[in-house]
Structure formats: structure tokens, C-alpha cells
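Take a look at the structure below.
Chain identifiers are assigned alphabetically (A, B, ...) following the order of the sequence lines, protein sequences preceding nucleic acid strands; residue numbering begins at 1 within each chain. Values below: all heavy atoms of this structure, side chains included; hydrogens, waters and symmetry mates excluded.
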There are 2 protein chains.
Amino acid sequence: MQAEIITIGDEILIGQIIDSNSAFIAKELNKIGVSIYQITSVQDDKEHILEALRQANERSQLIIMTGGLGPTKDDITKHTLCTYFDDVLVQDEKVLTHIEMLFAKYISTPISDLNRNQALVPSKAMVLHNAYGTAPGLWMENNGAVFLSLPGVPFEMKNLIANEVIPRVVKKFERPHIIHRTLMTYGMGESAVANTIENWEDSLPGFIKLAYLPSLGRVRLRLSAKGNDRLELERELERQIGLVKPLLGDIFYGEEEDGSIETLVGKLLTQKGMTLATAESFTGGKIAERVTAVPGASNYFKGTIVSYATETKVRLLGIEQALIDKHSVVSEEVAVAMAKKVKKLLDTDFSVATTGNAGPSKGDSDAEVGTVYIAVSTPHHTFAQKFTMGNHRERISQKSVNKAFELLQKEILNF
Amino acid sequence: MQAEIITIGDEILIGQIIDSNSAFIAKELNKIGVSIYQITSVQDDKEHILEALRQANERSQLIIMTGGLGPTKDDITKHTLCTYFDDVLVQDEKVLTHIEMLFAKYISTPISDLNRNQALVPSKAMVLHNAYGTAPGLWMENNGAVFLSLPGVPFEMKNLIANEVIPRVVKKFERPHIIHRTLMTYGMGESAVANTIENWEDSLPGFIKLAYLPSLGRVRLRLSAKGNDRLELERELERQIGLVKPLLGDIFYGEEEDGSIETLVGKLLTQKGMTLATAESFTGGKIAERVTAVPGASNYFKGTIVSYATETKVRLLGIEQALIDKHSVVSEEVAVAMAKKVKKLLDTDFSVATTGNAGPSKGDSDAEVGTVYIAVSTPHHTFAQKFTMGNHRERISQKSVNKAFELLQKEILNF
């Protein structure tokens with residue numbers, strides 16, 4: 001049994017929006033052992049959608065459509081489903097009541113016929129309740145195959161998948177177990193990692209697949225086990241991970257299931273009851289943003305000073321102008337001073353500081369584009385490291401943020 | 001003439017990565033008048049890729065594949081192309097030299113055969129130089145149709161598209177003109193906007209399509225004109241936009257072509273030679289991050305204080321504890337004080353401050369989850385507005401950041 005996703009909407013095909021819905025749906029289905037065979041993005045065009053449906057129907061038993069609903073899209077997906085299933089639209093009273101309630105409660109503008117028409121659904125469809133929006137989800141069956149239509153608005157779609165779709169799919173289909181575990185490494189390139197674990201990889205059993213996922217100075221190793229005996233899969237994955245960890249050594253820093261590195265850092269700080277502050281120059285608050293994206297960050301994160309202008313480093317952080325003049329604003333000395341100052345100012349146990357040149361121009365220092373210093377201050381000591389992060393503005397800053405978390409995590413582990 | 005994109009890689013189909021490459025490619029091709037008919041994501045599987053190639057070949061004249069290259073993927077795309085074109089792999093000396101140069105210059109680990117094998121290319125392929133990576137781009141032709149294979153690593157792919165692919169596509173294919181203009185609005189829902197401009201929309205000429213793109217409290221209106229007379233298209237778009245702007249009134253705040261709202265704010269501040277600072281609580285540096293993502297931000301952005309902990313508001317911003325005790329940390333008074341203090345501390349013309357509760361728990365105040373105050377301080381005055389942003393942590397903070405830029409832009413326009 002396998003599934004397909006069909007996303008409907010010109011905005012994806014002209015590149016105006018990135019299709020993040022499909023990744024979410026694929027992830028959730030994978031968790032219950034349903035593999036996605038293909039994802040197809042088609043236009044807001046009836047014939048095109050029909051063709052995609054026919055092809056998907058030949059290959060897969062579960063076909064999930066997103067988008068093509070909503071008042072200004074003429075609900076093209078609904079009309080197309082009527083054609084495909086030789087059906088007609090009928091008004092669903094429950095949906096209409098829900099739409100009227102949403103308008104009465106949350107929406108300032110008066111309800112229109114456009115909105116009321118969203119209560120029209122194919123007569124053969126089972127309606128899936130869209131708690132957050134006016135476009136209902138639809139579940140239609142055709143000799144064994146299931147066709148789903150979901151709104152394209154991410155948080156409406158996500159809620160439908162979690163509460164309406166997954167429970168029904170679990171009931172409806174026999175599924176094998178698929179378990180993924182992903183090891184996160186940094187500091188070594190893809191092919192170098194591959195060479196390091198070559199023999200181990202060759203010895204993996206057939207029901208475990210290994211994938212290399214390189215990005216921004218990291219390589220994630222995804223192990224996927226597929227079979228009917230969940231316990232056996234888990235046991236073998238555990239065994240294989242036990243074998244590969246020693247081979248990876250200190251380039252391994254955690255499993256993705258444990259969460260991102262900022263989540264790991266947060267867990268460590270919470271356990272130890274210790275606190276963090278950051279002083280950011282060219283990273284412009286990106287470290288703080290990732291720290292605070294973790295629920296509960298207020299337990300350990302006190303704040304940040306983004307000293308984007310050199311003058312702010314002096315005025316707000318209290319870095320001595322003389323130090324900057326002597327070593328330049330992009331220097332080990334200034335990075336160290338920033339980390340010490342912000343730790344003192346915000347009275348924390350740890351701090352991270354960044355100074356560097358992300359380009360495009362050289363800015364307040366003579367440092368080459370891509371030259372960055374990252375400093376970490378702990379209750380015991382403060383140090384800064386120099387890195388050369390290439391010449392791509394966005395990547396320089398992303399790679400530096402990753403690196404800052406890596407340096408910080410290593411230090412926190414010592415406490 | 002139309003194009004298709006085929007992305008190759010299990011990681012997209014299990015939802016481990018989001019396909020952002022396709023959006024970039026679609027956008028770049030659209031700029032030169034090439035429409036994308038379909039985007040198809042397939043597995044690292046030869047038969048599956050072959051089937052996708054056959055279908056795309058029946059529909060389109062330009063087929064762009066990304067991914068399925070690289071040492072640990074056994075370069076499956078290359079081998080599949082050999083099957084599809086009945087071709088063999090031969091070593092390309094230029095590519096080999098380039099790979100060896102990259103290793104000598106940037107990569108600490110020794111070069112391996114896995115790496116050298118990336119210099120093997122189909123004998124019928126024209127090689128496209130991948131300046132940033134070891135996997136070359138490939139251009140193959142088959143009675144009028146062009147097949148491209150590009151690496152999946154975004155910054156390598158982007159460089160290939162811009163410097164190797166676009167110029168050749170422009171030479172190779174006759175193309176109509178496609179011009180998009182996107183009007184950005186906020187403060188009104190999708191169907192309410194639709195009602196407001198209904199008559200205008202109905203009177204649009206056939207060669208102009210209108211699309212509504214709602215997201216996070218905004219609706220973008222995309223006008224797409226397609227035809228052979230570029231000047232005529234531009235003239236008519238200009239005329240239609242002149243007609244619709246008055247209908248939209250003050251919910252219109254700019255065109256996407258002018259850039260994001262943070263770019264617009266940056267342009268305004270640069271023109272006026274004025275400066276900005278922010279004090280952020282629950283937004284955790286997101287405003288600063290977006291401000292500094294704009295190249296040249298150092299001309300007007302001085303810095304940020306992320307006072308995530310209440311204590312930091314007192315210690316670093318110098319907010320009086322008494323004020324917080326009296327009004328609570330999530331209040332109009334505290335937001336106003338934050339904006340005033342940070343403006344003074346960093347000596348800027350404008351400042352923005354945020355305080356609120358993004359959940360999941362209530363945190364340092366009694367404010368309901370979703371209650372936020374956003375303050376703006378100008379050379380003339382300081383004010384704060386209260387908003388209720390729902391109960392979705394990520395959306396609360398994203399919507400607040402958008403709103404902050406909107407309030408700020410309106411104020412800057414008065415100077």
C-alpha cells in the first residue's frame with residue numbers, strides 16, 4: 001500500500017510559494033508506515049488535475065490533494081472531484097453552520113455567498129471537519145482507493161491531517177512498520193563520512209536503508225527500517241547505531257529525534273539550571289531567534305544584544321573603542337570581549353558572541369568576506385575561534401549559527 | 001513551449017527536507033517567459049525516474065532534474081540518463097581537474113575514488129560548470145527537447161541556473177513574455193478583498209490572470225500577463241494596477257517587486273538617512289533578523305536588545321520594576337517604555353518594541369496566550385497597539401513581526 005500527494009495551485013509552479021505542505025504530510029504518513037511514492041504539483045486546471053488523479057490512481061491506494069479550495073479559487077478541486085466521481089455538489093448544513101460561526105466569532109467582514117458556497121460538497125464525500133477554516137476536508141472512496149482533498153493553508157491542513165486523516169488511514173489500511181532514526185554529524189564532508197563507515201554500511205541488513213543528507217557543513221545519516229515486526233526493527237536499528245557511533249567519534253552530536261541542536265542545548269541548560277545570553281553582530285539575532293523558537297526557552301535564555309553597528313558594541317556592550325581600533329571589530333579579541341560583556345550584563349552562566357563579515361561589502365572592518373569569529377564564555381573560561389565560511393551571505397550566517405550552537409553544546413556538556 | 005521539474009530523492013518523499021529548489025527554478029524560468037507545467041518528486045529509483053522522464057517528455061520541451069547526484073547516491077541520475085539516451089559514461093578531464101582543485105583548496109579530507117567518479121559524464125552530454133561543487137550540471141538534447149541534470153545542493157544549483165542554464169535556454173527557445181506584478185495588502189481577509197475588487201476583476205482582459213495568495217494576515221494579489229508584445233503587457237498591467245489601487249485603499253502597502261516590507265523599510269530609512277533599533281521580547285530577535293537579512297542594513301540598523309526574561313527588561317533596558325509590577329510585563333505601558341529606552345540607548349530615530357505571550361504557557365504575565373503589544377517610537381511620538389494573534393506559537397510571532405514592520409513603515413512614510 002502506498003500514497004501520493006497532489007498539490008494544486010499555480011503559485012507553486014511559478015515559484016511564488018514553496019511547497020512545505022507535502023513534507024509535513026509525507027512525514028506524518030511515514031510515521032504510520034505509509035510511504036509516499038510520488039509528489040506531483042499541478043496547475044489550477046481541471047484537465048490537468050484529472051490527468052494527475054488518473055495516473056496516481058493507477059499506482060497508489062491513497063491520494064491526498066491539497067489546495068485548489070477557497071472562495072477565490074472557485075473551489076476547483078471540488079468541481080474536479082465531481083467530474084472524476086460523476087457526482088454533484090450538495091450543501092452540508094454542519095459545514096454551513098461552522099462557516100457562519102467562524103464569521104460571527106473571528107471575522108470582521110460580513111459573510112458573503114462566496115463564503116457560504118464553501119459548504120457545498122460532493123454528495124458521495126465524507127466531510128472532514130476543518131476546525132480552523134471555512135474549507136472542509138473531503139474523503140472519497142473508489143473501489144479500495146481513498147481520495148482526500150484538504151485546504152492548502154498550512155495550519156488548517158496540519159490540523160486535518162493529525163485529527164481527521166491519520167486516525168482514519170490507520171483504520172482503513174494494512175501497513176508495514178517504517179522506522180527512521182537520523183544521526184546528526186558535523187565537521188566532516190559527505191564522502192569522507194561515507195569512507196569512514198563504509199564497511200559498516202556494506203554490512204547493513206537489506207531491510208535497513210541508509211541515506212546521507214548533507215547541508216551547511218553537516219551530514220545527517222538517516223537509517224530507515226521497514227518490516228512487519230516493529231520490535232525487531234527497533235532492536236536491529238538500536239544495534240546498528242551502537243556499532244556506527246564509535247566509528248563516527250566526536251563528529252556525532254545527537255539524534256534528530258532528540259530535536260535540533262538548539263533543543264538539545266535547551267534541554268542541557270534546563271537540566272543544569274544554567275542560563276544563556278548572546279551578543280550577535282553579523283548573525284543579527286539568528287542565534288537568539290533559534291534559541292527562543294524552543295518552547296520553554298524562558299527557563300534558561302535571558303536575552304541578546306544585537307550590536308550590528310560598531311558604535312553599538314561600544315555604547316551598549318561597553319567594548320573599549322581602543323580594543324576595536326587595535327584589533328579591528330572583526331577579531332578574536334573583540335569576539336571574546338563581546339561574550340564576556342554580555343554574560344556580565346545579563347548575569348548568565350554561558351554566553352555566545354559573533355563578529356564577522358557576511359558581505360556583500362567589507363563593512364566596518366578590513367576582514368575578508370566570510371571571515372567570522374565565534375566566542376563562547378562559560379563559568380570557567382572564554383575563548384573565540386576563527387572560521388572562513390565562504391562568500392555566500394546567507395550561508396555564512398547560517399553556518400556560523402550552526403557552529404555557535406556546536407561550540408556551545410560541547411562546553412555545556414562539561415558542566 | 002513549456003518546462004517541467006523533476007526532483008529526485010527519497011528525502012523529499014519522506015518529508016525530511018522541503019523542496020525549495022523547485023520554487024527557485026520556477027521563478028527564474030518564469031522571468032524569461034518559460035512556464036512550468038508540472039513539478040514531480042520521485043524516488044532514488046531508476047525505473048521511477050525513467051517513467052517520469054517519459055511522461056514529461058510527452059508534455060514538455062525542457063525537463064530539469066535536480067538531485068540524484070553525489071558520491072553517496074551512486075549518481076543515479078547520470079546512470080539513468082545513460083539508459084534513457086542509450087549512452088555511456090566517459091571521464092571529463094576538465095571536471096576531474098576542477099574536483100581535484102576543490103579538494104586541494106577547500107576540503108581537508110583526502111580525495112577518494114568516490115569523488116573522482118563524479119567526473120564521469122554521459123558521452124552525449126554537454127557539461128555545465130559547477131563552480132561551487134564536485135557534481136557537474138548536464139545538458140542533453142533529444143529531437144528538440146532539452147534534458148538538464150543539476151545537483152540538489154541549493155547554492156550549487158542556483159549558481160548553475162543563473163550562469164549556465166538561463167543564458168542557454170534564452171538562446172535555444174522562442175518564448176512568449178510573462179510578466180507578474182504582485183500587490184501586497186494587509187488587514188483584510190481573502191474573500192473580503194475579493195468582494196472589494198470584484199467588478200474590477202471581472203473586467204480584466206483575458207491575457208491577465210489574477211491570483212489571491214493569503215498568508216498570515218495578509219493577502220497578496222498576483223497579476224500575470226502573458227503575450228508576445230512585452231510593452232503592451234506592461235502598459236496594460238500598469239493601467240489595471242492604477243485602477244485597482246484606489247479600490248484597495250490603505251490595505252495596499254507596496255508591490256512585491258519592490259521587495260519584502262523589510263526591504264521597503266530599509267529603502268525608506270536609507271533615503272531619509274535615519275536609523276532604527278528594536279527591543280524584542282517574545283519575538284526573540286526575529287525583527288532584527290529580518291532587518292539584517294537585507295544587504296546594506298548596516299546603513300540604518302544599529303542593533304537590538306532581546307529582553308526575553310523580565311529581569312533583562314529591567315537590567316538592560318532600564319525599565320522600572322514598579323512599572324512592570326503595576327501594569328504587568330505584557331502591557332501597553334511596558335511596550336512603550338521598551339521602545340523609548342532602546343531608542344535612547346542606541347541613539348536612533350526610530351525603534352520598535354514587542355512584548356506579549358506566544359505560549360505555550362502563560363510565562364511571566366497573566367496575559368492570555370496570543371496577546372501582544374507592539375510599540376513604535378518616532379522622532380515625534382511613541383505609541384503601542386494591542387493585538388490578539390490566536391494561539392499558535394509560531395504564527396503569533398510571525399504575524400507580530402509582520403505587523404511591527406507595517407506599523408513602522410506607516411510611521412516612516414510621515415518623515
Check your understanding: Is it the side chain or the backbone of A:Phe282 that comes within 4.5 Å of chain B heavy atoms, both, or neither?
Key -> neither
Exercise for review: Let me know if A:Leu316 has heavy atoms under 4.5 Å from chain B in its side chain, its backbone, both or neither.
Suggested key: side chain
Practice item. Look at atom OH of B:Tyr132 and say whether more than 12 heavy atoms of other residues, nucleotides or ligands are closer to it than 6.0 Å. Key: no
Study note, to complete from the structure: chain A shares the most heavy-atom pairs under 4.5 Å, among B:Gly303, B:Ser22, B:Ala26, B:Gly285, with B:Ala26
**Study point:** Under 3.5 Å: donor-acceptor pair, side chain of A:Glu280, backbone of A:Lys286
**Key:** yes
Review point. Are any side-chain N or O atoms of A:Thr292 and backbone N or O atoms of A:Ala288, one a donor and one an acceptor, separated by less than 3.5 Å?
Key: yes
Review point. Taking the side chain from A:Ser224 and the backbone from A:His180, do they hold a donor-acceptor pair closer than 3.5 Å?
Key: no
Point to revise | Atom group of A:Phe24 that falls short of 4.5 Å from chain B, counting heavy atoms | key: neither
Practice item. List the atom of A:Ala3, the atom of A:Leu29, and the distance in Å for their closest heavy-atom pair. Key: CB-CD1, 4.2 Å
Point to revise | Greatest number of heavy atom pairs closer than 4.5 Å to chain B - which of A:Val42, A:Asn299, A:Ile12, A:Leu346 | key: A:Leu346
Exercise for review: For each of B:Ile18, B:Ile36, B:Ile287, B:Ile39, tally heavy-atom pairs with chain A at distances under 4.5 Å, and name the one with the top tally.
Suggested key: B:Ile39
**Study point:** Contact class of A:Gln16 relative to chain B, heavy atoms under 4.5 angstrom
**Key:** both
Review point. A:Ser307 versus chain B, heavy atoms under 4.5 Å apart: side chain, backbone, both or neither?
Key: backbone
Study note, to complete from the structure: Whatever's closer than 4.5 Å to a heavy atom in chain B on A:Asn195 counts as side chain
Review point. Any donor and acceptor pair, going by atom type alone, linking the side chain of B:Lys341 with main-chain N or O of B:Gly318 inside 3.5 Å?
Key: yes
Revision key, fill the gap. Per-residue tally against chain B (heavy atom, under 4.5 Å) across A:His48, A:Arg315, A:Lys27, A:Lys313 peaks at A:His48
Study note, to complete from the structure: Applying a strict 4.5 Å limit to non-hydrogen atoms, the region of A:Ala297 in contact with chain B is both
Review point. Under 3.5 Å, side chain of A:Thr40 to main-chain N/O of B:Thr40, donor-acceptor pair present?
Key: no
Check your understanding: Which answer fits A:Ile5, side chain, backbone, both or neither, if we ask what part of it has an atom under 4.5 Å from a heavy atom of chain B?
Key -> neither
Practice item. Quick one: which of B:Lys302, B:Gln55, B:Lys209, B:Glu28 has the most heavy-atom pairs under 4.5 Å with chain A, could you say? Key: B:Lys302
Review point. Do B:Ser191 and A:Ser112 have side-chain N/O donor and acceptor atoms under 3.5 Å apart?
Key: no
Check your understanding: Does any heavy atom of chain B fall under 4.5 Å from the side chain of A:Arg290, the backbone, both, or neither of them?
Key -> neither
**Study point:** Among the listed options B:Ser41, B:Ala23, B:Pro154, the residue most often paired with chain A at heavy-atom distances under 4.5 Å
**Key:** B:Ser41
Point to revise | Partner chain A: residue of B:Asp347, B:Ile25, B:Val291 with the largest heavy-atom pair count (under 4.5 Å) | key: B:Asp347
Practice item. Assess the side chains of A:Ser35 and A:Lys226: does a donor N or O sit below 3.5 Å from an acceptor N or O? Key: yes
Exercise for review: Sort out for me which of B:Thr275, B:Ile14, B:Asn115 touches chain A most, counting heavy-atom pairs under 4.5 Å.
Suggested key: B:Ile14
Point to revise | A:Gln2 side chain to A:Arg59 backbone, donor-acceptor under 3.5 Å | key: yes
Check your understanding: Is there a donor-acceptor pair closer than 3.5 Å between any side-chain N or O of A:Asn21 and the backbone N or O of A:Gly152?
Key -> yes
